[in-house]
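The model shown is predicted, which means the values in this text are computed figures rather than measured ones. Throughout, a chain's letter reflects where its sequence line sits, starting with A, and its residues are numbered from 1.
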Amino acid sequence: MLDKTYQPASLEGTIFAAWEDANAFAAGAGSDGGQAYSIVIPPPNVTGSLHMGHALNNTLQDILVRFERMRGKDVLWQPGMDHAGIATQMVVERQLMETQEPGRREMGREKFVERVWQWKGESGGKILSQLKRLGCSCDWSRERFTMDDGLSEAVRKVFVELYEAGLIYKDKRLVNWDPKLLTAISDLEVEQVEVNGHLWHFRYPLEGVDFNAEDPSTYIVVATTRPETMLGDTAVAVHPEDERYTNLIGNHIILPLVGRRIPIVADEYSDPEKGSGAVKITPAHDFNDFEVGKRHDLPMINILDIEGKVVLEGNEDFTRDVSGSSELTQTTRELQGQDRFAARKAVVAMMDERGLLAEIEDNRHAVPHGDRSGVVIEPFLTDQWYVDAKTLAKPAIEAVRSGQTGFTPKTWENTYFHWMENIQPWCISRQLWWGHQIPAWYGPDGTVFVATDESEAKEKAKAHYGEATELTQDEDVLDTWFSSGLWPFSTLGWPDETEALKRYYPTSVLVTGFDIIFFWIARMMMLGIHFMEEVPFHRVYIHALVRDEKGQKMSKSKGNVIDPLDLIEQYGADALRFTLAAMEAQGRDIKLSTARVEGYRNFATKLWNAARFAEMNECAPVDGFDPKSATLTVNRWIAGESERAAVKVTESLENFRFNDAAGAIYHFLWHIFCDWYLELIKPVLMGDDEDAKRETRAMAGYVLDRALKLLHPFMPFVTEELWAKLGEGREQILMLSPWPRHEGLENAQADAEIDWVIRFVTEIRSVRAEMNVPAGARVPLIVTGANTESQERLASHGETLKRLARLESIEAGETPKGALQIVLEEAILALPLAEIIDVAAESARLRKEIDKVSKEIGQLDAKLANEKFVSRAPEHVVEEQRERKSEAEATAARLNQALDRLQAVL
RNA sequence: GGGCGGUUAGCUCAGCGGUAGAGCACUACGUUGACAUCGUAGGGGUCACUGGUUCGAUCCCAGUACCGCCCA
């Protein structure tokens, strides 16, 4: 006998273990050898732990995977993690600091990397066990890590081939430099943060005239948000059509504090509307200025070191073309070694002292911050490795245009195109130790040899130099996304031509959040198409962002984070999963509230108790039972309902309509199966028609089995448990059982009849409640004017009707005076309760109904009187309105009769 | 500034060219032999606003307002 309530916490672990024992997670488990269906997990961070976004992402994948597995496909859900270069290095460095061990640099690269591996072994990857708590049915035996040997080999091969194809190159460009982590980061790792800053207006004295603050013709005003960069200015730009300045183009100014002579150039970049219309150009410290500098062939002067401190002394770029002066000496003395923010203050003060500070304006603007370090990012001139993303993007764009890969919802394709069409060279080198060290070696003269390993590089060097030569490997590592960009094929064994690769590539669908379209999807598309000559996935499903119940993004600093593990603990993994699925509507974010999770926990309990009822009444699946053989109307009806539910769930899942699918099974189980079917069969189960009982038990078992299957992708644990409990002795686990097929069980006649029964019961309950007939009282019912069909229905469902409507008896006869009257199609249902009836209240109730029906008749009349409607609307619509009108008129007539009869009592 | 999305019941959200829905919350009643993590019944909506298309618009189109996200 089942317990009274379902206790998820105590059962989930056991059920998961049973799946493992059955080897149900393995690729191809339960398959009938059919079509392959594969998903690669978006690899979570090795440092990560499960948050709500993961819970949603993986719930959706697991739903798809369980669904397709039950449909007999050869399913692989490939799990694994990425090594998260910066994040992991930070974690381990912090740990070293906390335990007061020597830092990374003192330790040296080799020992440090060893230490990171040690950390990974001990405490990395706990997220994978958390995914198991969620019930994820990945093929855990195939877990991969981006730093595994095989995947690392793939990374080297890709690097070498792209280099040889000219698609990877080294270049000196501005990068986003993180002065705290001391590495380049990609555009995507930069967050623009709105801050309240200032716009400082500086007067730059023109060459050859005496500066006079009172005389604007002796200087040009430039505005800047970053005064300290003025030390590296190499031009002032004005708009070519800005008449205020046309006469100055080609002239020079003398850069204050430094004494450098720099030109005034015409460039469309400067906006005449902004500030003074003139803008200082610092090519080495600003992305826009960098472009301007290239157009005008300006020198690039870097005045900062890697930590963001001012370097003037010994800075050849800075001192070139500048003759020594006392001012320069003072500037150098005051600013050398100053942090960029201190230098900013100092520069402003020095300008002010000289009468060169024209104005300070408040200015709210976006400042780039490193998403890991949180510090202000510095555009910084360095040598880095780049991927020619523009070239790789072309076929990746084409693949989506031609439909080889499609996005759901489709609107995300625009985002993808926009990004891909404006893609910049992808900086892939990182100044870190944890990651794939770049397979490039340098000779003594700086010649670079790119090879998959050192010995190959040495051979190349020997060929080049004519003798064996010492080489040093590039210190840098590759961007983590470079390796996760290979994920859909590197995890399947590439570069080896494995069976798995042949079978499961391209993958079927990729499920992820929109924030990762650029980071990851774009890169997988580019690299997948280039190396596999085929898209990595046919469909990309972009899901919602999980917010808190007020719609705020969850964040640690706001303190509004809901831990999925807490919810699993409290309500069970099934409830959490179902909640996420039920709220996953395309194109809308999820505002998660625990009340909702609690509600779906209750749903699991409801199902549990329905199963308990089935068990108590010996309702169980019967081998060889043919649902088409059912003779009882109620059984034919529920078979058809279960069929409709199956179709709805199946179609919804095929179209990634998770909320519809969840809604359909919820509605079927609770509001059809529990609310009506189980109630309708109670008289049968308690009666003594053994044949009817046998059929009903078998049908209840059959339908419940089907429902468990339909619900299984959403609530795998409780359904698996009930499957075992209800079908004692069966060998097959639910997870590997076949998905319900369409059997053609719908029966219109049964539907109509049960629909009538339901309306009969509902109408009587409603009137009883409204008229305050005590809930427990059994009352007699007199039916007038029933046609043959209704009479037959009354006869065959009498017991059920009496039970559900709390009736003492049902008899045909004249409608008595002083009765509550209900119009059900052609018949009048009367409850003779003369003693307790309140004639005024009952009249009011009937009048209200008459009003309602009259209003409807009025609307339909107006519609049908409209000639244009009758002539232009489709035939069936017009016909429908006519039918509705005549039905409404008949109902109105009966209600009026009822009212007359009632008032005759007075 | 550019792009995208949203605005439907108290809340969270479905839906959709032809009777406006769900869950939760709320109100009343209820220990009816599965279930109080439940049952029965009920109240509650100018579908943001303004135009247009249409026989007919919550739905399609245009604009406005407000909210949110992404990119500068």
What does [N] pair with, Watson-Crick or G-U, if both distances are under 3.5 Å?
| N | answer |
| --- | --- |
| B/G39 | B/C29 |
| B/A34 | none |
| B/G51 | B/C61 |
| B/U46 | none |
| B/G17 | none |
| B/U12 | B/A22 |
| B/C69 | B/G3 |

In whole Å, what is the span from the [atom1] atom of [X] to the [atom2] atom of [N]?
| X | N | atom1 | atom2 | result |
| --- | --- | --- | --- | --- |
| A/L860 | B/G18 | CG | P | 15 Å |
| A/E413 | B/C70 | CD | C1' | 17 Å |
| A/K606 | B/A36 | NZ | C1' | 11 Å |
| A/M771 | B/C29 | CE | P | 16 Å |
| A/E598 | B/C11 | CD | P | 21 Å |
| A/E584 | B/U12 | CD | C1' | 15 Å |
| A/E880 | B/G56 | CD | P | 18 Å |
| A/F658 | B/C13 | CZ | P | 19 Å |

[X] side chain: which of [options] is closest?
| X | options | answer |
| --- | --- | --- |
| A/W670 | B/G43, B/G39, B/A14 | B/G39 |
| A/A585 | B/G30, B/A14, B/A34 | B/A14 |
| A/R657 | B/G18, B/G39, B/G15 | B/G15 |
| A/D675 | B/G23, B/U40, B/G15 | B/U40 |
| A/L678 | B/U19, B/C69, B/A34 | B/A34 |
| A/M616 | B/A34, B/C69, B/G18 | B/A34 |
| A/V877 | B/G5, B/C35, B/G18 | B/G18 |

Measuring only the [atom1] atom in each nucleotide, how far is [N] from [M]? A whole number of Å is fine.
| N | M | atom1 | answer |
| --- | --- | --- | --- |
| B/C61 | B/A22 | P | 27 Å |
| B/G63 | B/U7 | C1' | 16 Å |
| B/G33 | B/U40 | P | 15 Å |
| B/G10 | B/C70 | P | 30 Å |
| B/G15 | B/C29 | C1' | 32 Å |
| B/C49 | B/U8 | P | 10 Å |
| B/U27 | B/G43 | P | 16 Å |
| B/C24 | B/U37 | P | 14 Å |

Find which nucleotide of RNA chain B each of A/C674 and A/F518 is nearest to by heavy atoms, and output the residue with the more 5' nucleotide.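 Here A/C674 is the residue nearer the 5' end.
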(Q) Here's a test of your reading of the structure: between A/T605 and A/N288, which maps to the more 5' nucleotide of RNA chain B? (A)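 Closest to the 5' end, via its nearest nucleotide, is A/T605.
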Output yes when at least one side-chain N/O atom of [X] is less than 4.0 Å from OP1 or OP2 of [N], else no.
| X | N | value |
| --- | --- | --- |
| A/W412 | B/G3 | no |
| A/K4 | B/C38 | no |
| A/H671 | B/G23 | yes |
| A/S766 | B/G42 | yes |
| A/R884 | B/U19 | yes |
| A/N772 | B/C29 | no |
| A/K868 | B/U54 | no |

*What do the steps show when you test A/M525 against A/V400 for side-chain contact (heavy atoms from CB on, under 4.5 Å), and what is the final call?*
CA-CA 9 Å; A/M525 286 293 284; A/V400 175; 3.8 Å; yes
Determine the contact category for [X]: base if any of its heavy atoms lies under 4.0 Å from a base atom, sugar-phosphate if only primed atoms, P, OP1 or OP2 are that close, otherwise nothing.
| X | value |
| --- | --- |
| A/T415 | nothing |
| A/Y666 | sugar-phosphate |
| A/Q881 | sugar-phosphate |
| A/P874 | base |
| A/A775 | sugar-phosphate |
| A/M583 | sugar-phosphate |

Do [X] and [Y] sit within salt-bridge range, that is, some charged N less than 4.0 Å from a carboxylate O?
| X | Y | answer |
| --- | --- | --- |
| A/R173 | A/E291 | no |
| A/E413 | A/K410 | yes |
| A/K852 | A/E856 | no |
| A/K885 | A/E889 | yes |
| A/R759 | A/E825 | yes |

Just by distance, no angles: are the side chains of A/S642 and A/R706 close enough, under 3.5 Å, to form a donor-acceptor pair?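 Checked: A/S642/A/R706 side chains pair up, N/O donor to acceptor below 3.5 Å.
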When you measure only distances, ignoring hydrogens and angles, does the side chain of [X] come within 3.5 Å of the base of [N] through a donor and an acceptor?
| X | N | result |
| --- | --- | --- |
| A/R765 | B/U40 | no |
| A/E679 | B/A34 | yes |
| A/K682 | B/A34 | yes |

Check the pair A/R644, A/D751 against salt bridge (charged side-chain N to carboxylate O under 4.0 Å, His left out), reporting the backbone distance first and the verdict last.
CA-CA 12 Å; A/R644 274 190 284 277; A/D751 292 346; 3.2 Å; yes
Worksheet item: Do A/W676 and A/I638 have side-chain heavy atoms sitting under 4.5 Å apart?
Response: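 A/W676 does not reach A/I638 side chain to side chain.
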Self-check item: Check: A/F658 ring centre within less than 6.0 Å of A/Y541 ring centre
Solution: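 Ring-ring flag for A/F658/A/Y541: true, centres closer than 6.0 Å.
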